[in-house]
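Below is one structure, written out as structure tokens; comments come after it.
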Amino acid sequence: MPKIETQLAEVVLDVLRHRQPCRASVIAGALQEHGNLQITRRDINRLLYGCLNDRVEQDESYRWHLRESETADDRMHYGAAVPVVNHPAESAASSASEARALWLRVIERIRTGLPAVEGVDQLTVGYGSVRQLVGEVLDPAIRPSRWLFVKGDYGAGKTHFLNFLRCRAHSAGYATCYLCTDSANNALNHPQRFLHGLLATLEFPAGSPVGMESLTHEAVLTPFRRDRIRRSCSSHAATSRMPFNQILEDLELLDRLEDEDSRDGASRAEFRITEALSGLTITCRSANDATRDTAYCLLRIAVDLVQEQGCKGVVFLIDEAESIFTKLPSIASRRGAFRVLSGLCEGPLFDDCVFALAVTPDAYSRLWHEMEVLPVYQRLSSERMEQFKAKLVGNHVPVIECPSLTDSQLPELVQAVRQVYSLAYPDWRSDTTASLNSFADGIRLNGVPFRVLVRQVVDHLDALRFESMPQIH
């Protein structure tokens, strides 16, 4: 590890000894304020997920603290009289403010009719056995399959499940990427077209999306991380010269300019590398075997860079997978989508990743029947159609049915929304029990999507809160 990074890591540990638990943004702010260091939250996260991963850990609110062994060693070294937390009021105020902001974002998305992407666990009702299966899929030691389906009609909660899996994946130490395939640019039969959009949604356990371009740019600026990119590109250049040869040339240029202490031309080389590794430069390339293979190699390099940050791998969330049939009218184009899925779900490059596909029941049935009669031929070693077909047709892939909410579970859902609402508006303490019970009794499912039900509860709580406010005459 470079000397400067070792020194910075020790400074971060020292901040945690006095301010834990706290988020990476708080650590960065402390270093900027008291240490006069030009450091960002992303720089802090790179250390916490990387070289410090075995010395720190996160709580459920993404706040970092020292591991027990580290705390015990500190007490032996510094003496038991040194307190672990020196600023409880500041830490509590910061944590409360961050938590309330999170729940306000959740409520605001629900108001606008969008599914929540944060705090999903608190809004999840009736997932009993599903939670256990998700835990098994995210555990490499007992994983039944590295890909799965979530099946349900429109509005049944497939996207909610993907967000639930996303939150669980982050808690388990995985990064995530999301792709909605219901778009011409994201058609599953052309990975070179959807790769850039997929990697743009890259999100680490710390919270906000990072995107592959930001991650790559940071890596390019660091010499020892450039070596990792060089090794990955060299291993793929033999089978797919473009864009890897150009990336290798630009890396050599950056090394030479750094030795000469010159920035002339460096920014252009950094830009070219960032664009290439994020998948942007292959978007318009023709659809053929070589292009698909290049897309898989770039995706593998992205996973390598993510794992370098301390993550176990990447969980890929593929929504609207029924677009294979709604957007791809010919059997040839659908066969192309099947090939790509076999490369992702069964290919040798992604053994340490998980793929979740959300699909409607009719599309799943059509997928099963078309694969059953489809002749298997393998054009790329990275696409394993035979294994993909055998697992799918043999029913060896987990299929999660979106749980149907029953009338008896409605009060539980209503109370879950009320609890989240109270976290967003902690100063509003009116007793809404009777009103909510009456509201829940009046709701009847009758095929109404869960998202609409949750929005109705929020609208009802908004009305109660506004009515309780002092009237201005």
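Counting begins at 1 with the first residue of the sequence.
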What pairs with Thr433 under side chain to side chain donor-acceptor pair (under 3.5 Å), at least two apart in sequence or on another chain?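 Thr433 satisfies side chain to side chain donor-acceptor pair (under 3.5 Å) with Asp431 only.
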
Side chains of Tyr425 and Arg100 only: does a donor on one sit below 3.5 Å from an acceptor on the other?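 Their side chains do not contain a donor-acceptor pair, so the 3.5 Å distance test is not met.
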
For the residue pair Thr281 / His196, report whether a side-chain donor-acceptor contact shorter than 3.5 Å exists.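 Not at all, the side chains of His196 and Thr281 share no donor-acceptor pair under 3.5 Å.
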
Under 4.0 Å between a Lys/Arg side-chain N and an Asp/Glu carboxylate O for [X] and [Y]?
| X | Y | value |
| --- | --- | --- |
| Glu136 | Arg143 | no |
| Asp352 | Arg300 | yes |
| Glu203 | Arg166 | yes |
| Lys158 | Asp153 | no |
| Glu108 | Arg111 | yes |
| Arg67 | Asp54 | no |

Name all pairs fulfilling the ring-ring contact (aromatic ring centres under 6.0 Å, His included) condition that reach into residues 98-124, sequence neighbours left out, sorted by first residue then second.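 Passing the test, one end in residues 98-124: no pairs.
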
Mind checking whether Phe388 and Phe338 have ring centres under 6.0 Å apart?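 So the answer is no for these two rings.
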
Set of ring-ring contact (aromatic ring centres under 6.0 Å, His included) partners for Phe316, sequence neighbours left out: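 If we apply the ring-ring contact (aromatic ring centres under 6.0 Å, His included) test to Phe316, skipping adjacent residues, the hits are Phe355.
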
Aromatic plane relationship, Trp147 with Phe149 - under 30° parallel, 30 to 60° tilted, over 60° perpendicular: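 It falls in the perpendicular class, over 60°.
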
